[in-house]
Each structure stands twice: as structure tokens, then as C-alpha cells.
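The structure under discussion appears below in the form of C-alpha cells.
The structure presented is a predicted model; accordingly, all values stated were derived computationally and were not measured.
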Amino acid sequence: MVHFPGEDLFARSRSHGLPIGNLTSQFWANVYLNELDQFVERRLKDRAYLQYMDDFLLFSDNKAELRRRYT
């Protein structure tokens with residue numbers, strides 16, 4: 001795949017990252033983390049959940065409950 005004349009995006013010798021890295025990261029975070037989102041929402045039924053890109057947080061008032069459920 002070539003986006004710039006003479007440049008191969010997948011070459012090991014490439015001196016810099018993808019030209020649209022932030023959009024690429026957002027896309028792949030949505031693709032790969034969709035299963036996590038579905039699992040938390042449907043299976044765990046956890047409403048105190050936040051996901052942004054590849055970061056996610058689970059909230060609770062009870063630390064022991066979080067450890068029991070998620071470790």
C-alpha cells in the first residue's frame with residue numbers, strides 16, 4: 001500500500017508512522033475493543049464503565065467487589 005510517492009506504509013525501514021495515526025488508532029480501538037464493550041454492557045451489566053480509545057475504567061463504591069468481579 002503506497003500513500004506517498006515512493007513510500008511503502010508497511011516497510012520496516014519507514015522513518016515515521018502512519019500519516020493519519022490518530023484516526024487509525026481510533027478505528028482499531030473501536031474494532032478490537034468492541035467485544036470488551038459488549039461484554040461489559042451485556043454480560044457484566046456494569047453501568048459504571050467508561051471507554052476512550054484503548055483506555056477503559058470500571059467504577060464502584062466497593063473496592064472488594066471490583067476485585068472479586070474483575071481479577
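Minimum heavy-atom separation, Leu66 to Leu58: CD1-O, 4.2 Å.
Listed by chain and residue number, Lys63, Thr71 satisfy the side-chain contact (heavy atoms from CB on, under 4.5 Å) test with Arg67 (two or more places apart in sequence, or in another chain). Under the salt bridge (Lys or Arg N to Asp or Glu O under 4.0 Å) criterion, Glu65 pairs with Arg68, sequence neighbours left out. Phe59 meets the side-chain contact (heavy atoms from CB on, under 4.5 Å) test with Ala48, Leu50, Leu57; sequence neighbours excluded. With sequence neighbours left out, the side-chain hydrogen bond (donor to acceptor under 3.5 Å, both in side chains) criterion links Asp37 to Tyr49. Among residues two or more places apart in sequence or in another chain, the side-chain contact (heavy atoms from CB on, under 4.5 Å) test is passed with Gln38 by Asn34, Arg42.
Taking CZ from Arg43 and CD from Glu35, the interatomic distance works out to 13.0 Å, rounded to the nearest 0.5 Å.
Counting heavy atoms from C-beta on, the side chains of Gln51 and Leu33 come closer than 4.5 Å.
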